[in-house]
Trainee: 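Please read through the structure below; I'll follow up with questions.
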There are 2 protein chains.
Amino acid sequence: MNSVKEYKSASYKTGKIRKDNEIVIREAAEQEFAEFGFKGASIMSIAKRANVPRPNIHYYFKNKQELYNAVLMDILALWNKAFTEFTAEDEPAEAIGNYIRLKLMYSRCYPTASKIFANEILQGAPHLNTYLNNDLRVLLAHKTAIIQGWIDAGKMDAIQPYYLIFFIWGATQHYADFGIQIKSALGKEELSEEDFEEITANLIQIITKGCGLVK
Amino acid sequence: MNSVKEYKSASYKTGKIRKDNEIVIREAAEQEFAEFGFKGASIMSIAKRANVPRPNIHYYFKNKQELYNAVLMDILALWNKAFTEFTAEDEPAEAIGNYIRLKLMYSRCYPTASKIFANEILQGAPHLNTYLNNDLRVLLAHKTAIIQGWIDAGKMDAIQPYYLIFFIWGATQHYADFGIQIKSALGKEELSEEDFEEITANLIQIITKGCGLVK
DNA sequence: TGAAAGCTTAACACTACTGTCAAGTAAGTA
DNA sequence: TACTTACTTGACAGTAGTGTTAAGCTTTCA
C-alpha cells in the first residue's frame, strides 16, 4: 500500500485529465448549488452546465452528496481564511475597517460561494452542524474577545461584539446573496469595482463612526 | 356570471372547509419553500407536513407553481407593508430607528417569509422580475429621495441613501435568514424577545450614530 | 329529505432524475 | 508496439415526484 510503486501508480491516476475535469464539474456544480441548494440541484443539470455526459460526473464523484461535500469543503476553507484577520494588537478602527473591506471583497469575488453557504443555512445547515458548533464558534469567540478587549480599554463604544460581527456579516454578504435585487434596484447590469469601493467606504464610515472609532 | 344567484353560489363554494384547508396547506408550503426554494420543494413533502393526502393539494391549487405564487403574493404584501413607513416630515433619527425596529420585528415574527424571499432571490428571482423592477424600485426611489432630502438639509452625514437602505436590509434580514447560524454561534436554542430588543438597540445605535444622527 | 355542490381518495400514466454497468476509446508506460 | 490504466459513453433499472381521473363520501340548503 505504501510502497514507492504504489505511490507512483497513485500519482498517475490523479493525472491532468482528472484534475481538469474535476475542476470543470466542480465549477458547474457550484453554479447549480448556489441557485438551487442541495435538494434543488440536479446532476443532470450540472452535467449540462459542465458540457459532459452525465455518467462522467459519477465517475469523478460517487454521488450528489459527495460532489456537494467537495464543493462545500472548498467554501469553508475560503470562509475560514476570511476570518483569521484581526488580532488584539491591531488598532480597532483599522482592524474593523479591514475586516469589512475583506468581507466585501469576498462578496464581490466569490458570490457563488456565498450563495451556496446561504442556501445551506436556509436549509437548516444539515451538512454544517459540525462546522457551526466547532470551528466557527471558536473563531467567533476569539474575535469577540478581541473586540471586548477594545471596549474594556475604552477604545470604542460598548457594542455587543457578537452583534457587531453579525451586522458586518449581514451587511456585506447581502451584496453577494441579494446581488440581483441590488442590481435591479440600482438599475445596473453589474456592480463595478468603483461601486464596491463606494460601498466599502460608506459601510466602513457608518460602522466605525457608529462604534465610536472615528468622529 | 354576475347575477346575485351566481355570486351567492360562489360564496358557498368558498366555504369554511376550503378556507381552513387552504390555510393549512399554505402554511406547510411556506415551511417547505423556505427550506428548499421553489425547485427543491416537493408537493409530496408539503402534503406530509400538512397531513393531507397529496391529491388534495391539487384540488386547492392547480399545481406547484400556483401554490408558490399564492404564498409569494402574501409575502410581497407583507414586505410592502414593512416599507411604507417613513416620510419626509419625520425626524431622520426617529424614522430610521423605527424602520430598523420594524425590519427586525419582521425578522423575528416572519422568518419563514424572509427565507422564502431569500430563496427566490438566490434562484435569480424568476418570479419576482416584475416586482423588483416596478413596485420595489418605486418604493425605494421614494425612500432614498427622502433620505437625500435629510442629507441636503444637513440633518445627517452624506451617506449614499441606497447603500444605507441595503445595509439595513442586510443587517436585519440576516437575523431571519441566517437564524440558525446565529443561534449556533450564541449557543442558544432560540432568540428571546429580550435578545431582539438588545439587537435592535445595538443596531439602531450603530447606524444612527454612524450616519451622524446622534452623538 | 334529497339534489347539488364541495371535498376526499385510490389508482393511473407520465416525466425527471439517480446510480450502475459493461463495452468501448484514449492516454501513458515499459 | 503491447499492455495497463484512465476515461467515456449508451443503455438499463429503479425511485421520486407530478398532474389527472373517476368514484365515493360529506355538507349544505331548498
Side-chain angles (χ1 to χ4, degrees), chain A residues 1 3-26 28-29 31-33 35-71 123 126-127, chain B residues 1 3-26 28-29 31-33 35-71 123 126-127:
Chain A
M1 272 291 248
S3 72
V4 172
K5 192 161 182 284
E6 288 291 321
Y7 176 76
K8 256 191 174 173
S9 143
S11 80
Y12 297 162
K13 273 178 200 163
T14 51
K16 195 177 177 317
I17 294 174
R18 167 168 286 263
K19 224 168 146 185
D20 291 351
N21 285 339
E22 275 196 17
I23 289 172
V24 171
I25 293 170
R26 266 179 142 90
Q31 299 296 327
E32 177 81 3
F33 286 131
E35 263 187 52
F36 302 117
F38 178 72
K39 204 177 164 211
S42 88
I43 295 184
M44 240 178 173
S45 166
I46 292 170
K48 271 177 202 152
R49 283 179 198 256
N51 239 316
V52 300
R54 189 178 55 80
N56 285 28
I57 292 182
H58 284 104
Y59 177 73
Y60 290 102
F61 300 92
K62 203 175 86 198
N63 50 32
K64 189 167 143 182
Q65 183 66 66
E66 199 172 88
L67 174 53
Y68 185 68
N69 286 344
V71 167
Q123 299 201 3
H127 310 91
Chain B
M1 269 291 247
S3 73
V4 173
K5 191 161 181 287
E6 287 292 317
Y7 176 76
K8 257 192 173 171
S9 140
S11 80
Y12 298 162
K13 272 179 201 159
T14 51
K16 195 179 177 318
I17 295 174
R18 169 169 283 265
K19 224 168 147 186
D20 291 352
N21 284 340
E22 275 196 19
I23 290 172
V24 170
I25 293 169
R26 264 179 142 90
Q31 297 297 326
E32 178 82 2
F33 287 131
E35 264 187 53
F36 302 117
F38 177 73
K39 203 176 165 210
S42 90
I43 295 184
M44 241 179 174
S45 165
I46 292 170
K48 273 177 200 153
R49 283 180 199 254
N51 238 317
V52 300
R54 187 179 57 80
N56 283 30
I57 293 182
H58 286 293
Y59 178 70
Y60 290 102
F61 300 91
K62 203 176 87 196
N63 51 33
K64 189 167 143 184
Q65 183 67 64
E66 198 171 89
L67 175 53
Y68 185 68
N69 286 344
V71 167
Q123 299 200 5
H127 310 91

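Fair warning: this is a prediction, and the values are worked out from it, not measured in the lab. Proteins come first, then strands; the chains are lettered A, B, ... in the order of their sequence lines, and each starts at number 1.
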Trainee: Any base atoms under 4.0 Å from B:Tyr60, or only sugar-phosphate, or nothing? Heavy atoms, all strands.
Mentor: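 Contact class for B:Tyr60: sugar-phosphate only.
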Trainee: Which residues, if any, of residues 37-59 of chain B bring a heavy atom under 4.0 Å of DNA chain C?
Mentor: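 DNA chain C contact set from residues 37-59 of chain B: B:Pro53, B:Pro55, B:Asn56, B:Tyr59.
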Trainee: Is there a side-chain contact between B:Ile43 and B:His58 in this structure, where contact means two heavy atoms from C-beta onward sitting under 4.5 Å apart?
Mentor: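 The answer is yes, as the side chains (C-beta and beyond) meet within the 4.5 Å cut-off.
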Trainee: Grab the CD-C1' distance between A:Glu66 and C:dG19 for me, whole Å please.
Mentor: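 Value for this atom pair: 13 Å.
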Trainee: Grab the CD-C1' distance between A:Glu32 and C:dC17 for me, whole Å please.
Mentor: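 For the pair A:Glu32 CD and C:dC17 C1', the rounded distance is 12 Å.
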Trainee: Evaluate the side-chain proximity of A:Asn51 to A:Val24: yes if any heavy-atom separation is below 4.5 Å, no if none is.
Mentor: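 No - every pair of side-chain heavy atoms lies 4.5 Å or more apart.
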Trainee: Would you mind reading off the distance between A:Gln65 atom CD and C:dC17 atom C1', rounded to a whole angstrom?
Mentor: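 Result: 16 Å.
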Trainee: Side chains of B:Lys39 and A:Lys39: closer than 4.5 Å at any heavy-atom pair?
Mentor: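 Heavy-atom side-chain distance check fails, nothing below 4.5 Å.
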Trainee: List in chain and number order the residues that pass side chain to side chain contact (heavy atoms under 4.5 Å, CB included) with A:Tyr59, two or more places apart in sequence or in another chain; answer none if no residue qualifies.
Mentor: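 A:Tyr59 satisfies side chain to side chain contact (heavy atoms under 4.5 Å, CB included) with A:Arg18 only.
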Trainee: Can you sort out the partners of A:Phe61 under ring pair (Phe, Tyr, Trp, His ring centres under 6.0 Å), two or more places apart, ordered by chain and number?
Mentor: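 Ring pair (Phe, Tyr, Trp, His ring centres under 6.0 Å) list for A:Phe61, sorted by chain: empty.
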Trainee: Give every residue pair that meets the salt bridge (Lys or Arg N to Asp or Glu O under 4.0 Å) criterion with at least one member in residues 40-59 of chain A, sequence neighbours excluded.
Mentor: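 As it turns out, the salt bridge (Lys or Arg N to Asp or Glu O under 4.0 Å) pairs with a partner in residues 40-59 of chain A, which skip direct neighbours, are A:Glu32-A:Arg49, A:Glu35-A:Arg49.
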Trainee: Expressed as a whole number of angstroms, how long is the span from A:Lys19:NZ to C:dA27:P?
Mentor: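 In whole Å, C:dA27 P and A:Lys19 NZ are 19 Å from each other.
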Trainee: Check the distance between D:dT8's P and A:Asp20's CG and give it to me in whole angstrom.
Mentor: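 After rounding, the reported distance stands at 10 Å.
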Trainee: Going by side chain to side chain contact (heavy atoms under 4.5 Å, CB included), name the residues that satisfy it together with A:Pro55, two or more places apart in sequence or in a different chain.
Mentor: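 Testing A:Pro55 for side chain to side chain contact (heavy atoms under 4.5 Å, CB included), a comparison that skips the adjacent residues, returns A:Pro53.
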Trainee: Using nucleotides 22-25 of chain D, report all nitrogen or oxygen pairs with the protein that are shorter than 3.5 Å.
Mentor:
none

Trainee: Strictly below 4.0 Å: does A:Asn21 bring a side-chain N or O up to OP1 or OP2 of D:dT8?
Mentor: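 So the side-chain polar atoms of A:Asn21 do come within 4.0 Å of the phosphate oxygens OP1 or OP2 of D:dT8, strictly under.
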Trainee: Between B:Asn56 and B:Ile25, what is the shortest heavy-atom contact and its length?
Mentor: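 Looking at all heavy atoms of both residues, the closest pair is O-CD1, 4.5 Å.
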Trainee: Parallel, tilted or perpendicular: which describes the rings of B:Tyr68 and B:Phe33, with under 30° parallel and over 60° perpendicular?
Mentor: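 B:Tyr68 vs B:Phe33 ring planes: perpendicular.
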Trainee: Take atom CZ of B:Arg18 and atom C1' of D:dT28, then tell me their distance rounded to the nearest Å.
Mentor: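 That distance rounds to 15 Å.
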